[in-house]
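Each chain gets a letter, A, B and so on, in the order the sequences are listed, and its residues count up from 1. If you're wondering where the values come from, they're calculated on a predicted model, not measured in any experiment.
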Amino acid sequence: MSTTESHNETDAVIDPNAISMTINGKVVAARKGEWIIAAADRTEDFIPRFCYHPRMESVGMCRQCLVEVEGPHGPMMVVSCMTPVAEGQVVRTDTDIVKRIQEGMIELLLANHPLDCPVCDKGGECPLQDQAFSHGPGESRYVEEKRHYEKPIPISGLVLLDRERCILCDQCTRFADEVAGDPLITFTHRGNNTQVMTFPDEPFASYFSGNTVQICPVGALTAEPYRFKARPWDLQQQESTCTTCSVGCRTVVQSSYDEILRYQGVDSDPVNWGWLCDRGRFNFQSTNSPNRLATPLVKTDAGLVPESWTVALDETVRVLRHARPGSIAILGGARGTNEDAWAWAQLADLLGIEMRDAQLDDGLPAEIFGYPNATIDDACSAATVILLAPDLKEELPVLYLRLRGAAEKKKIRIIEIATHDSGLTRYAWKSVMHEPGQQAEAVQHVLSTPEMQEQLSRGAVVVVAGRSNLAEAAHNTMAAVDAIVTTVAQVSVLPVLRRGNVRGALSLGLAPRMSTDAAAILEASANGKVDCLILLGADPLSDVPDADLARRGIAGARYIIAIDTFLNKSSVHADIVLPAAAYGEKDGTTTNLEGRVTNVVQSITPHATSRPDWMIAIELAALLGNDLGILTLQDIQTRITETVVGFDGLSVSVAVRKNGVLISTPPISPLQVHQDEIIKRNAYEFRLVVARKLYDQAVATAMSQSLAALAPGAGVFVHPLDLERVGAKDGSSVRVSNNAVSVILPAHASTAVMRGTAFVPFNQQGVDIRELLQTTNGVTDVQIANI
Amino acid sequence: MSRLTDAHVALAKEIIGRYPRPKSALVLLLHLAQEQDGYITRDAMVHIAELVGVTSAEVYGTATFYEMFKFEPVGKYVVNICGTMSCALMGSEELMHHAEQRLGIKAGGTTPDGMFTLEHAECQAACTEAPCLQVNYRYRYRLTPADLDALIDDLLANRLTHEIPPHGTVAKVRQHIPSHHGVGVVAPESVTEPPVWLNGKAAL
Amino acid sequence: MTSSYSHAPGFIAGDRPKIVTSRFEYADSYTIERFVATGGYEGLRAALSRPAQTVHDDVKSATVLGRGGAGFPAGIKWGLTPQGVWPRYLVVNGDESEPGTYKDRLLMERDPHQLIEGCLIACYAAGLSQCFLYIRGEMAVAQERVAEALNEAYAAGYVGKNILGSDFSVDIVLHWGAGAYVVGEETALIESLEGNRGMPRLKPPFFPAANGLYGQPTIVNNVETLANLPWLMTNGVDAYTSIGTKTSPGTRMVAVSGHVVRPGVYEIVNGTTTFRDLLYGEEFCGGIRNNNALKAFVPGGGSAPWFTADQLDLPFEGSQVGAAGSMLGSGAIMVMDETTDIPAAALTLTRFYAHESCGKCTPCREGGTWLERILSRVVDGKGTETDLAQLIEVGESICPGDFPHASNEALGLSAVPFPYKMTTICFVGPSAYVPVHSALTLFRSEFEARIIKRTMIKVTAVGVSS
Ligand SMILES: Cc1cc2nc3c(=O)[nH]c(=O)nc-3n(C[C@H](O)[C@H](O)[C@H](O)COP(=O)(O)O)c2cc1C
Ligand code: SF4
Ligand code: FES
């Protein structure tokens, strides 16, 4: 009853924009503003095309989609991809002249095409191949020498370009410019020599480069991780959802011989519009990694040694049974499915575990979900979007694409409240820059400036709220969000916590109880109060901002049980390690940041002996003497829909649909917000901003060979004038210290950083900045000295 | 390999200032770079990208579209012999053969001394004066092979430097809009009203 | 009766009405001093002393036809801007590159102030608040003359803020290209002016008058079109329409090149002057060189289908030339006498358009080059029968259906009227096919004479014993 159906389809009853036209004599219903080709796509009459893409501006340049439209002076030839439908329009796609043109166009396109289909990745799924077959002349009369270019040249670490195959449809170049905002590949030269190129020796360094490979209608762009790996007809494929981050882009997972070979984006209208970021697209490599955990490991005097599941689970049960009451804690769960989280929450209830948190002190309190909720579409159609969030381009790339697109098309105005320039800064209507910790002042400025007040009164306001700085406490942001929500009318919040299923995990029972969050749990552990720490796909030593706290917490736990796909910094300290099935190896559902539940599918058998997290939970429950009444995944799903508020009425069959189903979260009781008294930093100090980049040392990235090298590495970024003041040069090493600890990092000048602040990317190869973070003060101030 | 000089940067900024959108100045700034170096260097493209706020790739895409921009050094004098219909009818092919022989290079080549680059050009809007050519975009009309020889001799002897600047410079006169006389640019999005003189009254 | 001026190479004056070339007789015609002394900026003064709308109305009733190629009336074009959308811009098309065309450069080099005055009148009449004057990149002298003239005009208060002390203010910004014929197409011109590759946009939706420079309403006018305005303002609509015909009033500048006795640029009376007058008239070209016979001529720039002697008596009037299978285009006639190697002549044009393709449309990018390759093989004497058929096949992929051509009594051909259907965005693609089609239609035997004939050799099977 409280589930909301996600999208249109139903409400087209009386539509003032409805149009009736005919295509090849058949009546077609269309909407004003639509192109003819889009209307034709709902009929049997396929119009061939190469440059048209429904998610990009039409350019009408390949000329393949010409059709005849009845006009006052007889039939007119028009491109269907750029001619709007009209009431009573008579379109013909099947006349002799149209067929002649279609054949002629294919012949011309093939004239300079190398026809190397047998060795081309695209062969078998190639629009040029397919349409040459369906609409081509069947033979080529071109006897001249073809164009020649250097065979595939890498235009980035991920993408290769073979210009001989290119048919100059402008899809990749348009995508780079129009969708990604990274116009780093363009047409160069002219006429018959036109080609797609980057600036000489400058890579196509875009977080979205893989999309160009997917939309290329020939094999001109190929992806390094997939090249020569398979023929499309050998691939098995299933629709699923990417769980790399919480945007939850729809994908197709393609596999062959029980190995995942490729992800492709699927066009989900409310979510990703077909796009994926490169991290999400290519990190399937980690699933295939030889470093995956194969069997359970149990600690002996000789360290962690492989054991059978039977022994490892018995051992686990022994540890759980012997723990003092109230001394078991669970960290993590945001990386699994809804079903995993629910099953573990049941086990936790069974064992009376109060200490649980799906986050690792690096997000915002779960109360953020209690505000009136906004969807991605809401944000992209609001009058005003207020960003109180990390750099979305780095953390939730496809959400960045959506918002960037909406701002570029002048559909929304963005007010950014941030400590440094983000990917969206250049598209923001106003950027309010503030020192870390001063969100409150910045928000006050926004709320009290007449111009902004006027803007905020223009209609819906969506606050995009997330943890933008790991070097300061989360409650500063919460207080700022709260100030906006309590002041502005027509406001809603889009929470942008980043881990794949963080919203699902928090909603299904792994949210902290009574403010005992990850930090409190680690503190308790450090104080000897935790007998058994369960790390459910969690790596506190890598992810908890306060490194010292994480270390003390891990050291203080009597026993550690880790459920994970890889051994990581934390799980090497575990007493028992249970190998978990990875994404692509299990079925289930996931919940994205807006509360949209969609399904994930099993495409391949789990690696070695690994099992889904939910199965491990059920087996442990059974061994502990309680079978939870559950045998299968379906049992869990039934129980979720029956018992979990917000998920009621949800059935897997709807979640399996492309656009999934939105859950609702009950409103929270008023949040206890507090704002630290922020002490002014002294003039010799820098206030620290620590945030994530898209590529870091996270396992899925680090274990994907094509992505690992893209992480920028550790460093500290300060304003050029500050760097000068410190006496350092761009690239030279500096000492960054607080009153206790110091680290040495390469320094970089960046005008994206405000004077007086220092930006350090999180979790990068090299020195760990977390040594300096103690957010107990609310913010972190450091000194930087040239060495 | 050079960025624009300070003087050229100042000029570039003046030019950019005449357009509602900086990117509009792109082609003119590329001309400025070519005037400075004789061809378009990689560094100049990077610099221009910074000046107008686009990526280097965009500058490269625009620059390579246009025939006049060279990406490698060319001769001090670029000789463009027109070969389109009117000139062809009046003997431009013969003229080209003669030029190739005289300079010892094929069309598209540059003499080893770096003095001449010879190019086949398309219609130069001097069709009644065929066959014609341009040296660094200065015309010569109704040429016979003997005229061509004389022209090359003059160029080699530096007798035409007053008229023909080295390759890269096109116009020797620049527009300057004195600030007190200029209207100045207005961003299109900030204009919502018709211009004042459309008020139905005579302006004078 | 005819005279040519050494300082205006190619221009031949005559005893005819002079609307745009009246100052060409002066060596210093491009200076502000000469300009003002000969009635310069009087047209502007006349315009500014009346409400803008009435100036616009005058341009409409004078039917000032566009001189850039399409011949669309300027006054009507100015009125096509959408209601209430501001600002609007003027873009002056001085990119003159159409093969055979030579007139705008003369106007810019010889009388830049007249053009500036024309721009100002247009801006005033149509409410255009900034003007961009785009000159072809290779025209160094024209750029210098216009730059100098603009500097003078700014200093004298003719351009800029509060022109002549009125509330009319407009900047004219000099811009120039860098070598690309297609940029003369108005939407490509706008792309180029925005700093992009000069690739034409699709019309619709990108009709400049509605959606042009920076997405704003933009009027694109040719240099000669605008150069007409000062005279019109000074002398009035009646004086203007008393020259020429009702549908084609005023004069036109026409360049006649090729095999005539006196090739040159003439300002002719619109609508009544015939091709015969132009090619054979004493005050014009004075006949074909060496008294040779006329073989063919291109009547309106390289993009125009060819005429032969059968069409000589057509007047310089758009609809009649259209019905006869060609167009007036940019006012450029290229004349071929009996000695002309027709396939080779056609190749020079096809090569031009293939080379100048922007690369956007498949048929133009691939088809243009393909045509050029086949044709050059034929010209080299290496073509085959199949090649001739293939020329037409490729051409039909660019322009499907009937293609316009002239009538020819000797060949028993009747004319197919202009225009044609096309699969491309702009006319560059079709233009690569135009010369091929005209030449093959009117002079097929010249092609057939050059191709390699393969004759079947009759052989008898011989038994081979082992
Ligand atoms: C390929 C192509 C090239 C053109 N080149 C020119 C040109 O060089 N100069 C010009 O004035 N118009 C040229 N035109 C015509 C312009 O698109 C446009 O119609 C003209 O500038 C409008 O001015 P008008 O109305 O004053 O004639 C060209 C058109 C095409 C399709
Ligand atoms: S017809 Fe040719 S020149 Fe014109 S837009 Fe198409 S490709 Fe470009
Ligand atoms: S799909 Fe319409 S022109 Fe390419």
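Of the two parts of A:V78, neither the backbone nor the side chain holds a non-hydrogen atom closer than 4.5 Å to a non-hydrogen atom of chain C. With a 4.5 angstrom heavy-atom cutoff, A:L108 touches chain C via backbone and side-chain atoms both. Of the atoms belonging to C:M422, it is backbone heavy atoms, and not side-chain ones, that fall under 4.5 Å from chain A. Only the side chain of C:R377 comes within contact range of chain A, judged by heavy atoms closer than 4.5 Å. For chain C, the nearby parts of A:M105 are the backbone and the side chain; heavy atoms of each come within less than 4.5 Å. With a 4.5 Å cut-off on non-hydrogen atoms, A:L109 touches chain C through its backbone and its side chain both. Interface remark: C:T424 contributes backbone atoms only to the contact with chain A (heavy atom separation under 4.5 Å). Neither the backbone nor the side chain of C:P200 comes within contact range of chain A, judged by heavy atoms closer than 4.5 Å. Heavy atoms of A:F50 lying under 4.5 Å from chain C are absent altogether. In this structure, the portions of A:R190 lying under 4.5 Å from any heavy atom of chain C include both its backbone and its side chain. The parts of C:R365 that come within reach of chain A are both its backbone and its side chain, each placing non-hydrogen atoms under 4.5 angstrom from that chain.
For NZ of C:K453, the number of neighbouring non-hydrogen atoms (other residues, nucleotides, ligands) closer than 6.0 Å is greater than 12. A 6.0 Å sphere centred on CD of A:E145 holds no more than 12 heavy atoms belonging to other residues, nucleotides or ligands. A:Y52 OH: more than 12 foreign heavy atoms inside a 6.0 Å radius. More than 12 heavy atoms of other residues, nucleotides or ligands sit less than 6.0 Å from atom NZ of A:K146. Heavy atoms of other residues, nucleotides or ligands lying less than 6.0 angstrom from CZ of A:R426 number 12 at most.
For C:W370 and A:Y142, the distance between ring centers is under 6.0 angstrom. Residues C:Y420 and C:Y433 place their aromatic rings such that the two centres sit no closer than 6.0 Å. Checked against the 6.0 Å centroid threshold, C:Y214 and C:Y89 count as a close aromatic pair.
Annotation: maximal heavy-atom pairing with chain C below 4.5 Å, among A:E144, A:Q64, A:R147, occurs at A:E144. No other option in A:D170, A:I101, A:T186 has as many heavy-atom pairs under 4.5 Å with chain C as A:I101. Chain A forms the most heavy-atom pairs under 4.5 Å with one residue out of C:K421, C:K360, C:E356, C:E396, and that residue is C:K360. If you tally non-hydrogen atom pairs under 4.5 Å between each of A:N112, A:N192, A:V59, A:N193 and chain C, the highest count goes to A:N192.
The shortest side-chain heavy-atom distance between A:Q171 and A:V218 does not fall under the 4.5 Å cut-off.
The CD atom of C:E366 sits 14.5 Å away from the CZ atom of A:R63 when rounded to the nearest 0.5 Å.
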